[in-house]
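For the numbers below, each heavy atom of this structure counts, side chains included, while hydrogens, waters and symmetry mates do not. In what follows, chains carry the letters A, B, and so on, assigned in the order in which the sequence lines appear, proteins first and then strands, with residues in each chain numbered from 1. Here the structure is a predicted model, which means the values were calculated and not measured.
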There are 2 protein chains.
Amino acid sequence: MTAGPTAPKAQLIAAEVRRRIVEREWLQGDRIPDEADLAVEFGAARATVNKALQLLADEGLLDRKRRAGTRIAVNPVRKATFSIPIVREQIEAEGMAYSHRVIAQRDSPIPGDVAARTGLPEGSLLTHLRAVHYGDGKPFQFEDRWINRTALPQVAGADFRALNANEWLVQNAPYLHADVEFSAANADARDARMLQVRRGQALLILHRTTWNDLGPITTVRLACHPGYVMSAAS
Amino acid sequence: MTAGPTAPKAQLIAAEVRRRIVEREWLQGDRIPDEADLAVEFGAARATVNKALQLLADEGLLDRKRRAGTRIAVNPVRKATFSIPIVREQIEAEGMAYSHRVIAQRDSPIPGDVAARTGLPEGSLLTHLRAVHYGDGKPFQFEDRWINRTALPQVAGADFRALNANEWLVQNAPYLHADVEFSAANADARDARMLQVRRGQALLILHRTTWNDLGPITTVRLACHPGYVMSAAS
DNA sequence: TGACTTTCTATGTCTAGACTTATTGCTGTT
DNA sequence: AACAGCAATAAGTCTAGACATAGAAAGTCA
C-alpha cells in the first residue's frame with residue numbers, strides 16, 4: 001500500500017497528500033493549495049497532480065469543486081471494493097475440489113419479488129435455475145437464479161450441467177450494470193436441505209442482479225454455507 | 001450509467017468499447033486494436049484512449065499487458081464498490097431520528113480474536129466500547145469496538161456519549177487501509193438483548209478494521225438489525 | 001434590500017509529443 | 001532442443017500548454 005520510491009510520480013504525490021491528512025498536518029475542512037501550486041512544490045506537471053488528487057477524491061478523502069478548490073473531506077465517506085467472485089475459482093482457491101449439481105431448470109412465470117428486483121412486468125416467462133455448488137463434496141453455496149430469456153436468447157441452448165450458470169453467464173453475457181445486496185437470513189426448509197444445515201441456521205445471503213443494454217439479464221439469490229465470510233478492502 | 005452526448009471524451013470511448021464487448025463485436029480473449037489505432041479511430045489523443053481503457057481494465061472488463069496489448073477478459077472478475085456508511089447518516093437517510101446509547105467503555109486486555117484481526121500482541125491494553133444505535137428509538141445496530149490507544153492517544157479524552165465513536169473516529173483518525181468482512185450469525189444472548197430480537201435470529205455481521213501508519217486503529221463488530229440490507233453497485 | 005449580471009478562478013478535460021519499461025518473439029549459439 | 005541475448009512493440013507515465021466550465025465573489029441595478 002505504501003508507494004515505494006520507484007512508484008509513479010502521481011502515486012508518490014497521492015501518498016504524500018494522504019500522509020499530510022493522516023498525520024493531521026492538514027485538517028478536516030481545510031482548503032489545500034491549488035493544483036498549480038502543488039505542481040510547483042512537487043516539481044510535476046499539473047496533470048500529474050490532478051491525477052493524484054482525483055485518486056484521493058475517489059477514495060473519499062478529498063472534496064473537490066471547481067473554482068472553490070480542494071478541501072479535506074469533513075466526514076470522509078470512504079469506499080471499499082470487492083470482487084464479484086466466480087464460485088468455482090473461489091472454492092478452488094481454498095484448495096477444495098469443485099463440483100456442482102443442478103437441482104432444477106425450467107421456465108416459469110416470474111414471481112413478485114423477482115419482478116420487483118428486475119423491473120420486468122408480471123407475467124413474464126423466465127428460466128428458473130436452482131443449483132448447489134460443492135467444495136470437496138460439502139455444500140458451499142445454494143444458487144436460486146432467474147434468467148431473462150428475452151435479453152439472452154442463447155440460454156435455451158445452454159447446458160448448465162456441464163458448465164455452471166455462473167461461468168456461462170460471465171462468459172456469455174457481459175453486463176453493463178450490477179447490483180449486489182448482502183443480507184442475513186435464517187435457513188428455511190429448502191436452504192437447510194440444500195446446504196445440509198439445520199433449519200434456522202444464520203446464512204449470508206447475496207442477491208445479485210445484472211443488466212445489459214437490452215434490460216435485466218439475471219437475478220440470483222446465493223445462500224452461503226455457515227462460516228462463509230465475504231471480504232472487501234480499502 | 002449511459003454516457004450522454006455531453007460526457008467527456010474518455011467516457012464516450014469507454015462506453016463505445018464497453019458496447020462492443022457487451023454486443024459481442026469483440027469476443028472473450030480477443031486482442032483489441034492498440035491505443036494508437038484507437039486514438040486515430042476516435043479522433044482523440046492517445047492519453048485519452050489510455051484513460052478510457054484503464055477505466056475498463058479497473059472494472060475488470062479488459063486485461064492489459066505491456067507489449068502484449070489489450071485483450072477482452074476471459075473470466076471478467078468484476079468489481080463492485082460500496083460506501084462505508086456512517087450510522088447516523090444512514091439512519092437519518094431512512095427518515096428516522098438517530099440516537100445512541102453507550103453500554104460500556106473501559107480499558108481491557110485484548111481478546112484472542114481481536115489480536116488475530118489486528119495483529120497486535122496478546123496482552124495489549126485496548127479501549128473496549130459497546131454501544132447501540134437507534135432509529136426512531138428502535139435498535140438499528142449493535143457496535144462492539146476495540147480501539148488501539150497506542151495509535152490513537154486522543155481516545156482518552158473522547159466522550160462517546162456526546163459524539164458516537166463512528167463519527168469521532170471518522171473525524172479524528174483518517175485511516176490508510178481498511179478491511180471489511182460480511183458474515184451472518186445467529187443472535188447470541190447479548191445480541192438479542194441489545195437489538196431486542198429473539199435469540200437465534202439471523203443477523204448480518206460486519207467486521208471492520210482500520211490501520212494508519214502507526215498500526216491498527218480500531219476493529220469493530222457491527223450486528224445489524226434483522227432486515228438490514230447492505231447494497232453495492234456496478 | 002434583494003435579484004440579476006459579470007468577472008474571475010480552480011478544477012475538468014484534452015492534445016501532441018516524449019521517454020520508460022515489461023514482454024514477446026526472433027536470432028544465433030551451444 | 002534448449003538457451004541466452006537482442007530488438008521491436010504496446011502499454012505506462014509524464015510534460016507543457018490549451019480551452020471549457022462550474023460556481024464563488026464582486027459589482028449593478030431596481
**Q** Whole-Å distance between C:dG12 C1' and B:Q11 CD?
**A** 12 Å
**Q** Starting from C1' on C:dT9, measure out to CG on A:D34 and report it in whole angstrom.
**A** 9 Å
**Q** Could you tell me the boundaries of the chain B footprint on DNA chain D, defined by atoms under 4.0 Å from its heavy atoms?
**A** D:dA8 to D:dT13
**Q** On DNA chain D, check which nucleotide each of A:K9 and A:A68 is closest to and give me the residue with the more 5' one.
**A** A:K9
**Q** Which class fits the ring pair B:Y228 and B:H225: parallel under 30°, tilted 30 to 60°, perpendicular over 60°?
**A** perpendicular
**Q** Among A:V132, A:L222, A:I91, which one satisfies side-chain contact (heavy atoms from CB on, under 4.5 Å) with A:Q141?
**A** A:L222
**Q** Under a 3.5 Å distance rule, please check whether B:E92 uses its side chain to pair with a backbone N or O of B:Y98 as donor and acceptor.
**A** no
**Q** Rounding to an integer number of Å, can you tell me how far A:E35 CD sits from C:dT13 P?
**A** 11 Å
**Q** Using 30° and 60° as the class boundaries, would you call the ring planes of B:F82 and A:F182 parallel, tilted or perpendicular?
**A** perpendicular
**Q** What is the nucleic acid contact for A:R31, judged by heavy atoms within less than 4.0 Å: base, sugar-phosphate only, or nothing?
**A** sugar-phosphate
**Q** Please assess B:K138 against B:E94 for the test salt bridge (charged side-chain N to carboxylate O under 4.0 Å, His left out), listing each intermediate value before the final yes or no.
**A** CA-CA 13 Å; B:K138 288 188 311 208; B:E94 292 187 25; over 6 Å; no
**Q** Quick one: B:R46 CZ to C:dG17 C1', roughly how many Å, whole number?
**A** 10 Å
**Q** Side-chain donor or acceptor of A:R67 under 3.5 Å from a matching atom on the base of C:dG12?
**A** no
**Q** Taking OP1 and OP2 of C:dG12, is either one under 4.0 Å from a side-chain nitrogen or oxygen of A:N50?
**A** yes
**Q** Within the 4.0 Å heavy-atom criterion, would you say B:A10 contacts the bases, only the backbone, or no part of the nucleic acid?
**A** sugar-phosphate
**Q** I need the CZ-P distance between B:R71 and C:dT24, as an integer number of Å.
**A** 10 Å
**Q** Just wondering, are more than 12 heavy atoms of other shown residues or ligands nearer than 6.0 Å to CZ in B:R101?
**A** no
**Q** DNA chain C: A:G69 or A:A47, which has the more 5' nearest nucleotide?
**A** A:G69
**Q** A:D37 CG to C:dT9 C1': how many Å, rounded?
**A** 12 Å
**Q** Rounded to the nearest angstrom, tell me the gap between atom CD in A:Q54 and atom P in C:dT11.
**A** 11 Å
**Q** Nearest 0.5 Å, please: how far is OH in A:Y175 from CD1 in A:I84?
**A** 3.5 Å
**Q** Please give, in whole Å, the distance from C:dT23 P to B:K65 NZ?
**A** 7 Å
**Q** Indicate, with a heavy-atom threshold strictly under 4.0 Å, whether B:A44 touches base, sugar-phosphate, or nothing.
**A** sugar-phosphate
**Q** Mapping B:R66 and A:T48 onto DNA chain D by nearest heavy atom, which one lands closer to the 5' end?
**A** B:R66
